Amino acid sequence: MSELRTPLTAWHEAHGAKMAPFAGWLMPIQYEGILAEHVHTRQHAGLFDICHMGEFLISGPGADAALARAVSHNLQTLKPGRCRYGFLLNGKGGVLDDGIVYRFGQDDFMMVVNAACAVNDFAVLRERLPEEVTLSDISAATGKVDLQGPESLDVLEAVLGQDFHDLGYFAFRETRWQGEKLLVSRTGYTGELGYELYISSGKTVAFWEALLADDRVKPVGLGARDTLRLEAGLPLYGHDLDGEHTPTEAGMGRMLTSTADYVGREGAARADEMLIPLRIEGRRAARHGDAVALPDGTVVGRVTSGSFAPSLGCVIALAWVPAAHAADPTFTVCAARAQLPAQRVELPFYTQGTARRKW
Amino acid sequence: MNPQELLYSKTHEWARIEGGEAVVGITAFAQESLGDITYVELPPVGDVLEAEKEFGSVESVKAASDLIAPVSGKVSAVNEALENAPELCNSDPYGQGWLVRVKLTGKAEGLMDAAAYETHCASEH
């Protein structure tokens with residue numbers, strides 16, 4: 001099967017990126033190298049091709065109440081111009097997908113979802129929303145690039161010629177670039193100050209190049225995106241989140257503040273297992289799928305994500321363990337070639353992130 | 001780009017024969033395929049390597065893979081700099097990124113010269 005291509009795939013190939021399939025798409029894993037791209041994003045600004053993700057518009061009479069019953073996001077307190085992270089749940093409270101809902105108006109929303117889940121998400125939402133609510137998949141027409149890093153604000157202002165200092169965390173603004181509609185969202189997946197930028201797919205390459213023309217910006221592949229998001233303690237669907245586990249188990253129970261009668265609400269509070277953060281001294285990595293044992297050797301869980309953490313100089317991991325052991329101070333990760341002593345820590349692993357910076 | 005004086009294995013290790021000893025490392029192709037190397041596991045001095053058998057491992061951000069001995073012999077030195085600077089395998093795979101030095105027990109066999117190795121790499125692309 002051949003992979004799908006984003007508007008930027010040819011650009012990546014022409015610029016020497018190492019390409020690999022991801023969620024059905026041919027995506028750049030790295031350009032100059034994962035470590036250098038990771039560090040550049042933490043210190044300056046990285047630019048990511050995220051066109052593979054899905055975007056849906058939800059609008060029409062009753063869209064507000066209907067969407068509030070379809071997803072876990074609290075829409076009651078979500079004002080126009082703001083967006084919120086949450087979940088699409090199955091009937092048992094398991095996570096079908098995680099994503100961000102943007103409110104444009106009373107009955108006017110955009111939802112941004114994971115590439116691998118987009119087809120199923122659309123079908124589930126269509127079934128949950130009444131006929132009079134319009135659900136449209138604008139993924140193919142929409143380009144998405146993420147500009148992330150402490151210098152991203154300065155770059156954005158320079159390229160757009162506008163002030164974005166007043167755009168708070170999880171707020172967004174619609175503007176224009178070269179006459180084309182552009183949505184600037186103060187969100188991201190790195191733990192750094194940053195923006196998710198939505199523009200028409202036809203203008204995506206030109207916009208990407210305009211951002212890259214700034215010396216502070218370098219292109220960053222999915223390899224560094226993964227190490228950045230893990231250090232920030234942000235889960236990856238399919239690894240750290242899945243249909244068998246609830247948001248509460250993933251440590252996000254306190255986000256479930258919606259009082260709407262949404263699908264999965266009752267089950268979402270279930271907590272049989274907990275996703276816990278682990279820190280392992282040294283450089284030998286824990287990997288997705290490694291068993292997690294108690295100090296006495298009893299295997300009780302498994303690693304969902306694990307990597308050497310470039311900004312911390314040690315190895316970090318997320319793992320499912322039974323709720324009864326979620327507060328245990330120490331575990332052993334059974335990696336392919338060694339038993340790794342692991343310490344239970346708190347999220348985020350990396351605490352110096354600039355994501356919430358204020359002026 | 002692969003030095004002419006070295007011998008190469010199909011599994012992308014190199015050996016530089018120096019009299020009765022050999023210095024062993026991974027090739028430029030190997031480090032390029034692995035990406036940024038974050039950890040190198042090497043045997044202690046005194047261990048005996050057997051050609052075509054695993055003698056350690058190398059991990060990058062994205063993957064881990066075995067190191068396969070290109071020659072047989074007893075480890076006489078290991079590159080201790082790699083413990084804190086495994087990226088030397090990326091930046092200088094034929095120099096500062098060397099892995100181990102071994103005292104050979106027998107002749108190096110079944111290895112390729114640089115030209116044959118480059119043909120081999122081309123076939124793996």
Side-chain angles (χ1 to χ4, degrees), chain A residues 13 16-22 27-41 220-231 236 239 280-290 303 305-317 333-340, chain B residues 1 11-13 26-44 47 49-50 53-69 75 78-94 96-100 121-122 124-125:
Chain A
E13 290 169 337
K18 213 179 259 188
M19 307 293 290
F22 177 82
M27 300 299 292
I29 301 306
Q30 64 171 66
Y31 303 85
E32 63 174 308
I34 292 174
L35 297 182
E37 292 164 30
H38 177 111
V39 169
H40 189 83
T41 304
V220 179
L222 294 187
R225 181 170 164 89
D226 195 46
T227 53
L228 289 160
R229 70 91 193 168
L230 186 57
E231 285 187 344
L236 172 62
H239 284 237
I280 297 162
E281 297 308 323
R283 289 174 154 269
R284 194 198 294 255
R287 309 265 175 186
H288 175 80
D290 287 349
V303 171
S305 288
S307 174
F308 176 70
S311 301
L312 298 170
C314 67
V315 168
I316 56 175
V333 173
C334 312
R337 293 174 177 81
Q339 305 287 306
L340 309 173
Chain B
M1 66 184 199
T11 49
H12 308 287
E13 289 84 11
I26 63 168
T27 67
F29 181 91
Q31 69 80 18
E32 173 69 27
S33 313
L34 283 161
D36 288 332
I37 290 168
T38 52
Y39 177 73
V40 182
E41 179 193 25
L42 296 175
D47 254 30
L49 305 196
E50 198 181 330
K53 295 281 165 62
E54 180 197 337
F55 73 96
S57 63
V58 56
E59 294 192 7
S60 67
V61 181
K62 286 279 123 199
S65 64
D66 290 338
L67 292 167
I68 306 297
V75 177
V78 301
N79 186 355
E80 283 166 8
L82 299 180
E83 190 175 322
N84 292 314
E87 64 272 16
L88 290 172
C89 292
N90 291 117
S91 58
D92 192 10
Y94 299 115
Q96 292 183 73
W98 67 278
L99 300 177
V100 294
C121 289
E124 288 206 351
H125 259 303

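Here the structure is a predicted model, which means the values were calculated and not measured.
- Within the 4.5 angstrom heavy-atom criterion, no atom of A:Ala336 approaches chain B.
- Put simply, the side chain of B:Glu54 reaches to within 4.5 Å of the side chain of A:Arg337, judged on heavy atoms.
- Distance check, rounded to the nearest 0.5 Å: OG of B:Ser60 to CD of A:Gln30 gives 8.5 Å.
- The two residues B:Val61 and A:Ser307 have their closest heavy-atom pair at CG1-OG, 4.0 Å.
- Looking at B:Asn84, the atoms closer than 4.5 Å to chain A (heavy atoms on both sides) all sit in the backbone: N, CA, C or O.
- In the displayed structure, A:Glu13 atom CD is contacted under 6.0 Å by more than 12 heavy atoms of other residues, nucleotides or ligands.
- Considering only heavy atoms from C-beta on, B:Lys62 comes within 4.5 Å of A:Ile34 through its side chain.
- In summary, A:Arg283 and B:Glu41 do not engage in a salt bridge, as defined by a charged side-chain N under 4.0 Å from a carboxylate O.
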